[in-house]
**Q** 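Here you go, one structure.
The basis for the numbers below is simple: all heavy atoms, side chains too, and nothing from hydrogens, waters or symmetry mates.
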Amino acid sequence: MSLERQIERLNPPQREAVTAPGQTALVLAGAGSGKTRVLTHRIAWLIEVERAAPLEILAVTFTNKAAAEMRERIGQLVPLPPRGMWVGTFHGIAHRLLRAHWRDAGLSETFQILDSDDQQRLIKRLLKELGDETLKPAQVAAFINARKDEGQRARHVDTQGFADRAVLAELYRRYEAACERGGMVDFGELLLRSNELWVQQPVLRDHYRRRFRHILVDEFQDTNALQYAWLRNLAGPDTSLFAVGDDDQAIYGWRGAKVENMREFERQFPNVKVVRLEQNYRSTGTILAAANALIAHNRERLGKNLWSDAGSGEPIRLYAAYNEQDEARFVVEQIEAWTAAGNPRSEAAILYRSNAQSRAFEEALMVRRIKYRVYGGQRFFDRAEIRDALAYLRLIANPADDTAFERVINQPPRGIGDKTLDTLRGEARASGLPMWEVLTRLLQGGGLTGRTAAALGGFAQLIQSLRAACQGQPLMDQALMAIRDSGLKEHHAKDVDGRGEGRVENLDELVNAASLFVNEEEDLDELTAFLSHAALEAGDAQGEAGADCVQLMTLHSAKGLEFRQVFLVGVEEGLFPSQRSIDDPARLEEERRLCYVGLTRARERLCVSYAESRRIHGETRPAMASRFIEEIPAEHLTEVRLRGTVDRPMSTRPSGGFERGSYGHGGSRSDWSPGRRDGGRADLQPPPRRVSAWNDPPKAPDSDSGLWVGQRVRHGKFGEGVITDLEGQGPRTRVQVKFAGAGSKWLMLDMAGLTPA
DNA sequence: GAATGGTGTAGGTGA
DNA sequence: TACACCATTC
């Protein structure tokens, strides 16, 4: 279809935004109002109608996922792949700039990206050096990151009047120095440094100003002060800036995002064209009405009201659960009914406030053998063994990388302990040299005693020969050699804690990922490009085949997604809104926006639930329905009672609160819980996403043993568990059992003496 | 120097 | 509950 026809199919405000002439536009795009559609059509329109060259266009998003989706959808709109266009995340684009202009930015050519884990390790070392015992690395990291998000360096930190600020500022200074010395750049630094590039190198800035005549920004409400400054510096008087966002969906204030940027934008750029997209194409009228009513309780809004010409649909169901197990049981029963009616599992989503809540649902789904997928949590490149392997590669690429050096010098254990390391650190600090350099000098100087000298010599030898062997080799071979020669693989293959097997598989998967890696940055050597890729895209790659799974995720990660049926669970005071937000009006409003995001994810069916008693950190506590439930008009809600009781519209309830009956509940089962999500092995296939151990179709009961997958069993030594796999026949039958406290084990059925629990 | 047991603590998330 | 961290023992 021609672009003209495509544009005709847009609604009037969408069309107005897409074809807006002039310099700047701000699109207030409500949930489900076709935000990405507008962005991608705008780009196509710039290319085809305004005759913009693709290389004049820069489109910025926050997540890799959003960037990938945008690329894909642009590809569907324009006939030729738009070469030279920059579409990426703020960090990805800043990284690209710094690689291209490393010298101007004052970096070394081989600089490496320091992720948050590396960052905390480094800070921990600095705290030790400083002898501080009160601050936690995470606190310090948060401080440093917050300063960088505001565009401040250590020398800018105002220490007046704050006693602990002086310490924090000193740590920031030392942190800066350590990063400088090791050629390391953290996430905030990518942006900060590229912004300084604009300020300090006007010639360079003007070059990019001339080049990027069109800048488009997605999720503008989530920009922080630094990102906003970066944009303002890059946008010259002739740049057209097209920002899309929704202040009602601003949920990252705690991370430095400033919704105010949306209001500022109107003031700071002259003649901003403001377009409101208020027609919702996603949800039923009832769901929208509920969401509108909820968000109307916020005072700080630009103002916008979603409407839809779809029918009102069914009422929102409200379930008051006895406890979190009952809540999970209820949700899983609803999902069973949903799938039994022929609907796909993947169109049902369970959304919660915090990751810990996934557990009860995972257990209930596992028992009923329903396939599910948990988003979030640890990703591929975040796993310890993967990070170890990458650290070897980093050390090969950049000998000055002290963070990598510290990570692998004794991993796998090779007899180099804290004392030896302290010596190396001390020397490094005194001389200002990287630890690798200190090590080689120390070895040459011969001032080391027997055992330590041997261990250190062995390590130095290993890195040197790896560096030589990797020279000019394909990436896959480099990864292979690093994993093999370092002894990492062998180390994990010993499998001391039952999780070694999975780690070896992960390492193999890393080799696989290396073999599949395509280096798209032509000016970058393959290894550096791969390491940057690993840091910037922690493994949530696109392309996962997508088995039909129930979707479990936090409300934060649900932003931008939609599902036909949504379960918004754990809607309780103290949990949602979270305890730590209740006393602060601004934070409470952010929680409410998060709830708004949750409600507006649902297309057809929405179910809200809370528990009257919940176990948190091993302690059972009473709970109350969230104020957010009361803020949804009663006429949109129907309270669902337990099986055998009659559903009653909420409008007939006595005004005021909700009835809190202690109606019986499905007998609360034993307190058994399976190991956390990492226990299984079926979740390790492709790096991108983790899939539960239940992705295989459930196996039929084993006729010989009378045991089946999913059965709860008891073992004399390991306690209670659930069978996750069966293999073999008769006396040779082996069963895999996931124990509550002992991880997952394969057992010979004959020997194990399992009894049904 | 490495392995093991006891204690304290706990948000959401992206790059 | 579950994990990280520290202290203790081998």
**Q** Report the distance from atom CD of Glu537(A) to atom P of dG14(B), rounded to the nearest whole Å.
**A** 13 Å
**Q** From C-beta outward on Thr63(A), which listed nucleotide comes closest to its side chain: dT13(B), dA15(B), dA2(C)?
**A** dA15(B)
**Q** Considering only NZ, NE, NH1 and NH2 on the basic side and carboxylate oxygens on the acidic side, decide whether Lys559(A) and Asp246(A) come within less than 4.0 Å.
**A** no
**Q** dG11(B) C1' sits how many Å from Gln357(A) CD, rounded?
**A** 11 Å
**Q** Verify the contact: side-chain N or O of Arg615(A) to OP1 or OP2 of dA10(B), cut-off strictly under 4.0 Å; return yes or no.
**A** no
**Q** dG14(B) C1' sits how many Å from Leu226(A) CG, rounded?
**A** 14 Å
**Q** Over 60° means perpendicular and under 30° means parallel, so classify the ring planes of His556(A) and Trp254(A), tilted if in between.
**A** perpendicular
**Q** Just N and O in the side chain of Thr554(A): are any of them under 4.0 Å from OP1 or OP2 of dT13(B)?
**A** yes
**Q** Measure from CG on Asn355(A) to C1' on dA2(C) and round the result to the nearest Å.
**A** 14 Å
**Q** Is the base of dG11(B) touched by the side chain of Glu591(A) through a donor-acceptor pair closer than 3.5 angstrom?
**A** yes
**Q** So, does Asn410(A) get its side chain near the phosphate of dA2(B), meaning an N or O under 4.0 Å from OP1 or OP2?
**A** yes
**Q** Round to the nearest Å and state the distance from Leu190(A) atom CG to dA15(B) atom P.
**A** 13 Å
**Q** May I have the distance from Tyr352(A) (atom OH) to dG11(B) (atom P), rounded to whole angstrom?
**A** 15 Å
**Q** Please state whether the base of dG12(B) and the side chain of Ser354(A) form at least one donor-acceptor pair under 3.5 Å?
**A** no
**Q** In terms of ring plane angle, is the pair Tyr172(A) and Tyr175(A) parallel, tilted or perpendicular, where the classes change at 30° and 60°?
**A** tilted
**Q** What is the nucleic acid contact for Ser578(A), judged by heavy atoms within less than 4.0 Å: base, sugar-phosphate only, or nothing?
**A** base
**Q** Does any nucleotide pair with dG12(B) by Watson-Crick or G-U wobble geometry, both distances under 3.5 Å, and what is it?
**A** none
**Q** Rounded to whole angstrom units, what separation is found between the CD atom of Gln411(A) and the C1' atom of dG1(B)?
**A** 14 Å
**Q** Which nucleotide sits closest to the side chain of His556(A): dA15(B), dT13(B), dG11(B)?
**A** dT13(B)
**Q** Counting side-chain heavy atoms from C-beta on, which of dG11(B), dA15(B), dT13(B) comes nearest to Leu536(A)?
**A** dA15(B)
**Q** If only side-chain N and O atoms of Arg414(A) are considered, is one of them under 4.0 Å from the OP1 or OP2 phosphate oxygen of dA2(B)?
**A** no
**Q** Determine whether more than 12 heavy atoms belonging to other residues, nucleotides or ligands lie under 6.0 Å from atom CD of Glu260(A).
**A** yes
**Q** Can His617(A) be said to stack with the base of dA10(B), given centres closer than 5.5 angstrom and planes under 30 degrees apart?
**A** yes
**Q** Centroid-to-centroid, Phe459(A) to Phe405(A), below 6.0 Å?
**A** yes
**Q** Mind checking Gly618(A) for me? I need base, sugar-phosphate or nothing, with any heavy atom below 4.0 Å counting as a touch.
**A** base
**Q** Given dC5(C), is OP1 or OP2 found less than 4.0 Å from the side-chain N or O atoms of Lys124(A)?
**A** yes
**Q** When the distance from CH2 of Trp254(A) to P of dG12(B) is rounded to whole Å, what number comes out?
**A** 9 Å
**Q** So which nucleotide from dG1(B), dG14(B), dA15(B) ends up closest to the side chain of His91(A)?
**A** dA15(B)
